[in-house]
2 protein chains.
Amino acid sequence: MSSKKNPTRDRILKTTWELLEDGGASAVRMSDIAKAAKISRQALYLHFPNRAELLVATTRYLDEVYDIEGKLAASRAAPTGRARLHEWVVVWGNYIPKIYGIAKALMALQASDAEAADAWSDRMQAVREGCAAAVAALAGDGVLTSQMTEKEATDALWTLLSVPAWEQLCVTCGWTQDRYIALMQQMAVHMLVDDQAP
Amino acid sequence: MSSKKNPTRDRILKTTWELLEDGGASAVRMSDIAKAAKISRQALYLHFPNRAELLVATTRYLDEVYDIEGKLAASRAAPTGRARLHEWVVVWGNYIPKIYGIAKALMALQASDAEAADAWSDRMQAVREGCAAAVAALAGDGVLTSQMTEKEATDALWTLLSVPAWEQLCVTCGWTQDRYIALMQQMAVHMLVDDQAP
DNA sequence: TGTCAACTTTACACGGTGTAAAGGCAGAAA
DNA sequence: TTTCTGCCTTTACACCGTGTAAAGTTGACA
């Protein structure tokens with residue numbers, strides 16, 4: 001897919017990802033990326049019209065590299081709604097740390113750049129659909145709490161599984177990734193399912 | 001307190017707050033604030049060394065105006081842990097929309113300005129203490145879930161009640177403030193308390 | 001009258017993004 | 001071999017927002 005037919009572009013995407021990977025070094029400038037990719041800053045603009053599109057392209061690149069679609073498809077095979085919810089938390093929850101750096105950069109850009117805001121919102125809409133599917137599966141099993149509508153339940157799960165929430169728990173509060181997944185599964189079920197009887 | 005002995009400074013704070021109030025107009029520049037406060041841009045720098053400190057000072061100003069301390073103190077009087085949690089959700093949850101604009105601006109600044117990051121983190125630490133108090137009250141009543149430590153429960157509640165979570169639910173998803181409060185109370189209890197029997 | 005504080009005006013440095021234009025260079029095509 | 005083409009470099013610059021610097025204005029107060 002991406003790895004043939006335009007090696008420079010791919011090198012730029014890979015470099016961008018590497019520079020943003022940890023998410024600690026907040027200030028990744030176009031010149032930093034250019035230098036790391038061993039290219040002139042101007043050549044960057046021959047491949048991407050601006051910083052926002054470069055960042056968005058990088059997220060798409062990561063989706064490909066990690067085959068997020070494939071993993072998602074697998075989670076759809078879960079037999080019960082609850083199992084599907086658990087799987088969804090695993091798949092998306094474990095993907096967050098990989099995209100965290102780019103996500104952070106894009107979210108920072110949101111404030112000033114409407115185009116970046118739209119792009120990020122689009123990507124998050126895909127996550128919302130995953131949440132909606134899990135909620136629908138719970139509703140199908142008849143175990144969804146009666147205290148929220150399906151939409152509200154989807155919104156709530158989506159928010160619980162958001163990148164800022166992950167950031168606060170795993171970066172600010174120091175949760176391990178494993179603990180995050182385990183507790184998210186628990187919290188999601190407690191929030192969305194009325195009686196805990198298995 | 002703030003309303004005597006330095007009228008210009010107070011006018012600046014009030015203006016800053018007004019400009020940031022809705023949170024929609026993302027780009028509030030120093031020159032915008034100066035113009036709205038009917039002052040030269042340079043005069044701003046006579047009162048505040050930089051944008052970050054102006055924003056932080058504005059949050060403190062709001063704390064005063066809304067007497068957040070007083071309301072917090074009242075919530076401490078709740079008889080049971082669960083009542084205290086409910087009160088805490090009401091007090092803090094209803095304060096979020098008022099500080100949302102400034103919060104958004106400060107959070108955007110966090111990426112580039114370490115000082116702003118520290119300042120915001122300080123303010124959020126105060127919120128965490130409110131969460132810790134509610135969790136401790138639940139633990140004192142013996143109703144805190146056995147599946148998390150007290151620290152983890154505090155972290156989880158803190159994240160549930162974070163500004164980005166409010167933003168996603170009330171701005172992106174269109175929840176009303178009342179519904180937000182009602183569902184947050186429910187979700188918090190379901191997440192933190194084991195058996196739902198009253 | 002003089003002093004002081006608050007404020008204005010003008011000007012500028014800096015850093016980061018994005019634009020513009022001219023030229024280098026390798027490989028394919030004629 | 002020449003020429004064309006695509007990809008890249010170099011240099012230069014405009015724009016924007018933040019923050020600094022310095023000289024001048026104004027009004028109150030003693």
Side-chain angles (χ1 to χ4, degrees), chain A residues 2-16 19-20 25-58 101-102 104-120, chain B residues 2-16 19-20 25-58 101-102 104-120:
Chain A
S2 79
S3 51
K4 275 277 149 53
K5 183 87 179 173
N6 211 335
T8 307
R9 191 190 141 98
D10 274 27
R11 201 173 70 245
I12 293 171
L13 292 173
K14 193 156 173 259
T15 305
T16 304
L19 285 182
L20 288 167
S26 49
V28 174
R29 294 165 290 260
M30 293 298 267
S31 52
D32 297 328
I33 296 168
K35 194 180 297 178
K38 294 182 180 175
I39 214 180
S40 73
R41 189 172 71 88
Q42 269 49 33
L44 233 51
Y45 287 96
L46 296 177
H47 292 273
F48 304 93
N50 51 52
R51 204 173 107 96
E53 294 218 10
L54 169 54
L55 292 178
V56 171
T58 306
I102 293 102
K104 204 175 172 185
L106 258 175
M107 283 163 55
L109 216 58
Q110 257 182 313
S112 59
D113 185 329
E115 188 203 344
D118 285 358
W120 179 245
Chain B
S2 79
S3 51
K4 276 277 148 56
K5 181 88 183 173
N6 210 335
T8 307
R9 188 189 142 98
D10 274 26
R11 203 174 67 247
I12 293 170
L13 292 174
K14 192 157 172 262
T15 305
T16 304
L19 285 183
L20 288 168
S26 49
V28 175
R29 293 167 289 262
M30 292 298 266
S31 52
D32 297 328
I33 297 168
K35 193 180 298 177
K38 294 181 180 173
I39 214 180
S40 72
R41 190 173 70 90
Q42 271 47 34
L44 234 49
Y45 287 98
L46 296 175
H47 291 273
F48 304 93
N50 51 52
R51 205 173 107 96
E53 294 218 8
L54 169 54
L55 292 178
V56 172
T58 306
I102 294 101
K104 204 175 171 185
L106 259 175
M107 283 163 55
L109 216 58
Q110 258 182 314
S112 58
D113 186 329
E115 190 203 342
D118 286 359
W120 180 246

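Every chain is numbered from 1 and lettered A, B, ... according to where its sequence line falls, protein lines coming before strand lines. Excluded from the calculations below are hydrogen atoms, water molecules and symmetry mates; all remaining heavy atoms, backbone and side chain alike, are included.
When the local axes at the two ends of the helix from dT1(C)-dA30(D) to dA30(C)-dT1(D) are compared, using 5 base pairs at each end, they differ in direction by 20° after rounding to 10°.
The shortest distance between side-chain heavy atoms of Thr58(A) and Leu20(A) does not fall below 4.5 Å. Inter-residue side-chain proximity for Met30(B) and Leu54(B) is flagged as met; some heavy-atom pair is nearer than 4.5 Å. Using a 4.5 Å heavy-atom threshold, the side chains of Val56(B) and Glu115(B) count as separate. With a 4.5 Å cut-off on side-chain heavy atoms, Leu13(B) and Phe48(B) count as touching.
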If you restrict it to nitrogen or oxygen atoms, what contacts under 3.5 Å exist between nucleotides 24-26 of chain D and the protein, and what is each distance?
none

Is there any protein nitrogen or oxygen under 3.5 Å from a nitrogen or oxygen in nucleotides 18-21 of chain D, and what are the pairs?
{"from": "dT18(D)", "atom 1": "OP2", "to": "Met30(B)", "atom 2": "N", "distance (Å)": "3.3"}
{"from": "dG19(D)", "atom 1": "OP2", "to": "Tyr45(B)", "atom 2": "OH", "distance (Å)": "3.4"}
{"from": "dG19(D)", "atom 1": "OP2", "to": "Arg51(B)", "atom 2": "N", "distance (Å)": "3.0"}
{"from": "dG19(D)", "atom 1": "N7", "to": "Arg41(B)", "atom 2": "NH1", "distance (Å)": "3.0"}
{"from": "dG19(D)", "atom 1": "O6", "to": "Arg41(B)", "atom 2": "NH2", "distance (Å)": "2.7"}
{"from": "dT20(D)", "atom 1": "O4", "to": "Gln42(B)", "atom 2": "NE2", "distance (Å)": "2.6"}

Sort me out a list of protein N/O and nucleotides 27-29 of chain D N/O pairs below 3.5 Å, or just none if empty.
none

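Nearest approach of Thr16(A) to Ile33(A), heavy atoms of both residues: OG1-CG2, 3.5 Å. Annotation for Ala57(A) and Arg9(A): closest pair CB-NH2, 4.1 Å, computed over non-hydrogen atoms. Residues Leu106(A) and Trp120(A) share a closest heavy-atom pair of CD1-CE3, 3.8 Å. For Leu44(A) against Ala34(A), the heavy-atom pair with the smallest separation is CD2-N, 4.0 Å.
One atom, NZ of Lys35(A), and another, P of dT9(D), lie 14 Å apart when rounded to the nearest Å. Rounded to whole angstrom, the span from the CZ atom of Arg9(B) across to the P atom of dA5(C) amounts to 18 Å. Summarising the geometry, the separation between CG on Leu44(B) and P on dA6(C) is reported as 15 Å, rounded to the nearest angstrom. Across the protein-nucleic acid pair, Leu109(B) atom CG and dG17(D) atom P stand 15 Å apart, rounded to whole Å. Protein atom CG of Leu54(A) is 11 Å distant from nucleotide atom P of dT17(C), rounded to whole Å. A straight line from NZ of Lys38(A) to C1' of dT9(D) spans 17 Å, rounded to a whole angstrom. Between Phe48(A) atom CZ and dT17(C) atom C1' the separation is 16 Å, expressed in whole Å. Here the C1' atom of nucleotide dC7(C) and the CZ atom of Arg11(B) are 11 Å apart, to the nearest Å.
For the OP1/OP2 pair of dA6(C) and a distance below 4.0 Å, the side-chain nitrogens and oxygens of Thr8(B) include no atom meeting the criterion. Under 4.0 angstrom from either OP1 or OP2 of dA6(C) there lies no side-chain N or O belonging to His47(B).
Residues that satisfy the side-chain contact (heavy atoms from CB on, under 4.5 Å) test with Asp118(B), not counting sequence neighbours, are absent from this structure.
Residue Leu46(B) is classed as a base contact, given a heavy-atom separation below 4.0 Å to a base.
Note that the CZ atom of Arg11(B) and the CD1 atom of Ile39(B) stand 5.5 Å from one another [nearest 0.5 Å]. Between the CG atom of Asp10(B) and the NE2 atom of His47(B) there is a distance of 10.5 Å, given to the nearest 0.5 Å. Taking NZ from Lys104(A) and CD from Gln110(B), the interatomic distance works out to 8.0 Å, rounded to the nearest 0.5 Å.
Listed by first and then second residue, the side chain to side chain donor-acceptor pair (under 3.5 Å) pairs involving residues 27-43 of chain B are Arg29(B)-Asp32(B) (not counting sequence neighbours).
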